[in-house]
J.: 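If you scroll down you'll find the structure; I have some questions about it.
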Amino acid sequence: MANFCEYFKGIGVNEPLFSVLESIKKSVRLISEQIKKVDTGKAGTKNVYGEDQLALDVLADKIIQDEFKQNFLIGLIASEELPNEIKLGDGEYAVCYDPLDGSSLVDVNLAVGSIFGIYKANSFIGRTGREQVAAVIAIYGPRTTLLVTTGDGVVEFRLTDEPRFILSKKNIRIEEGKMFAPGNLRAVRERKDYLELVQWWMNEGYTLRYSGGMVPDVNQIFLKGKGIFAYPGYSECPQGKLRLLFECAPMAFLMEQAGGAASDGRMSILDQKVEHLEQRTPIYIGAKKEVKRCERKLGNWEMS
Ligand code: FDP
């Protein structure tokens, strides 16, 4: 099986972009080591959204920042854990990331992940997800894996004991199949449209696969090659909870590259413009037909 370097050289990824992917890969390996041994308690600080930070959130963010600071090609970063974008230098690449997504699952030992979106830009504001040149998600579960796209399909790498990443799955494609991951179910108390859709999925015999972590929940759609993940808004959070820049746009780029789709109910997530770093969006992501169904059934919701 090809390793990380052989694969990207083989498909003709240019040296600078490969170097950025290498920095991401190194930080993922370090985070994966730390998750196994570091305390899962709170850091005693809050992030920009007022959420309690775990010691691991802070550590994962530091690992990534330290790694990126050593790469002169990365000129700009933005982290879900930080209030502003940070200019590192004149490098042409800008990387936004969620260092540890699903932190509420760390203490119960469920899978969590990191998410990276890579742009060529001098600010993230005004960008759309479609401008990404690459996207990566890392999954820290019983195995550590990466899903990567450089705009040429989606592949999976697995971290081995050596440690190195080897190619474990090529040409990942999303087809049709009955699997659902219904996030933010509390919305059904006031959203009849979402309640009806959830009931429809159940009546049609869809299999429920939902862990509460966006990275593992969407990752399973890639690897099973079927399904839908939903996180709609409701009165308390009309745009839902998930962040456009740090979570939804990189996932959407990967999903479209695998032949699936990602929508906010009305348009592709990749066409939404980033107005500010903390911007949130409802998201329906997975097989094309499933996403279309969500648009049809949920896309007309207005907050009353
Ligand atoms: P977490 O708060 O544990 O970090 O955006 C973060 C996220 O997890 C997603 O990974 C997950 O899909 C979602 O929040 C879960 O949201 P709820 O708290 O509404 O269940």
Side-chain angles (χ1 to χ4, degrees), residues 28 31 35 38 40-43 45-61 64 78-82 96-117 129 135-141 145 147 179-191 194-195 198 208-222 227-252 254-255 262-264 269 272 274 277-286 294 298:
V28 166
I31 294 170
I35 283 182
V38 166
T40 56
K42 292 185 179 155
T45 48
K46 289 191 186 293
N47 66 12
V48 269
Y49 311 94
E51 298 162 346
D52 285 323
Q53 286 178 308
L54 300 184
L56 258 174
D57 287 322
V58 178
L59 181 62
D61 188 54
I64 295 169
S79 162
E80 199 185 67
E81 297 299 324
L82 300 171
C96 56
Y97 60 92
D98 180 355
L100 200 67
D101 185 75
S103 4
S104 65
L105 305 176
V106 170
D107 58 346
V108 292
N109 208 11
L110 282 167
V112 293
S114 304
I115 309 172
F116 304 85
V136 180
I137 58 173
I139 301 93
Y140 313 105
T145 55
L147 284 187
M179 188 173 78
F180 73 131
N184 202 17
L185 267 187
R186 51 183 90 75
V188 303
R189 284 177 301 183
E190 58 186 62
R191 286 195 59 171
Y194 193 34
L195 177 61
V198 171
L208 174 67
R209 286 288 179 272
Y210 184 74
S211 75
M214 188 189 190
V215 173
D217 286 336
V218 178
N219 181 57
Q220 71 182 334
I221 297 176
F222 285 106
I228 179 78
F229 171 94
Y231 201 107
Y234 73 127
S235 62
E236 265 180 42
C237 53
Q239 297 304 311
K241 173 184 182 189
L242 303 173
R243 288 86 179 177
L244 173 63
L245 179 68
F246 301 109
E247 294 164 312
C248 298
M251 293 276 192
L254 282 156
M255 190 55 79
S263 168
D264 64 3
I269 292 287
Q272 271 201 49
V274 177
L277 297 183
E278 317 84 67
Q279 194 168 329
R280 298 170 195 256
T281 177
I283 184 166
Y284 310 104
I285 180 166
C294 290
L298 307 176

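Both ligands and their constituent atoms are indexed starting at 1 by order of listing.
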J.: Which donor-acceptor pairs under 3.5 Å do side chains of residues 237-245 form with protein atoms, sequence neighbours excluded?
T.:
from, atom 1, to, atom 2, distance (Å)
R243, NH2, E51, OE1, 3.3
R243, NH2, E51, OE2, 2.9

J.: Identify, with sequence neighbours excluded, every residue that meets salt bridge (Lys or Arg N to Asp or Glu O under 4.0 Å) alongside R280.
T.: none
J.: CZ/F229 to CE/M214 distance, rounded to the nearest 0.5 angstrom?
T.: 5.0 Å
J.: List of N/O pairs, ligand 1 versus protein, all under 3.5 Å?
T.:
from, atom 1, to, atom 2, distance (Å)
ligand 1, 2 (O), K241, NZ, 2.8
ligand 1, 3 (O), S103, N, 3.4
ligand 1, 3 (O), S104, N, 3.1
ligand 1, 3 (O), S104, OG, 2.6
ligand 1, 4 (O), G102, N, 2.9
ligand 1, 4 (O), S103, N, 3.1
ligand 1, 5 (O), E247, OE2, 2.7
ligand 1, 10 (O), D101, OD2, 2.7
ligand 1, 10 (O), M214, N, 2.8
ligand 1, 12 (O), M214, N, 3.2
ligand 1, 14 (O), K241, NZ, 2.9
ligand 1, 16 (O), K241, NZ, 3.2
ligand 1, 18 (O), K241, NZ, 2.9
ligand 1, 19 (O), R186, NH1, 2.9
ligand 1, 19 (O), R186, NH2, 3.2
ligand 1, 19 (O), Y231, OH, 2.5

J.: With rounding to the nearest 0.5 Å, note down the distance linking CG in L147 to CD1 in I115.
T.: 11.5 Å
J.: Given Y49 and E80, is the side-chain contact (heavy atoms from CB on, under 4.5 Å) satisfied, shown in steps?
T.: CA-CA 9 Å; Y49 311 94; E80 199 185 67; 3.7 Å; yes
J.: Excluding sequence neighbours, so at least two apart, what forms side-chain contact (heavy atoms from CB on, under 4.5 Å) with T45?
T.: A43, Q53, V58
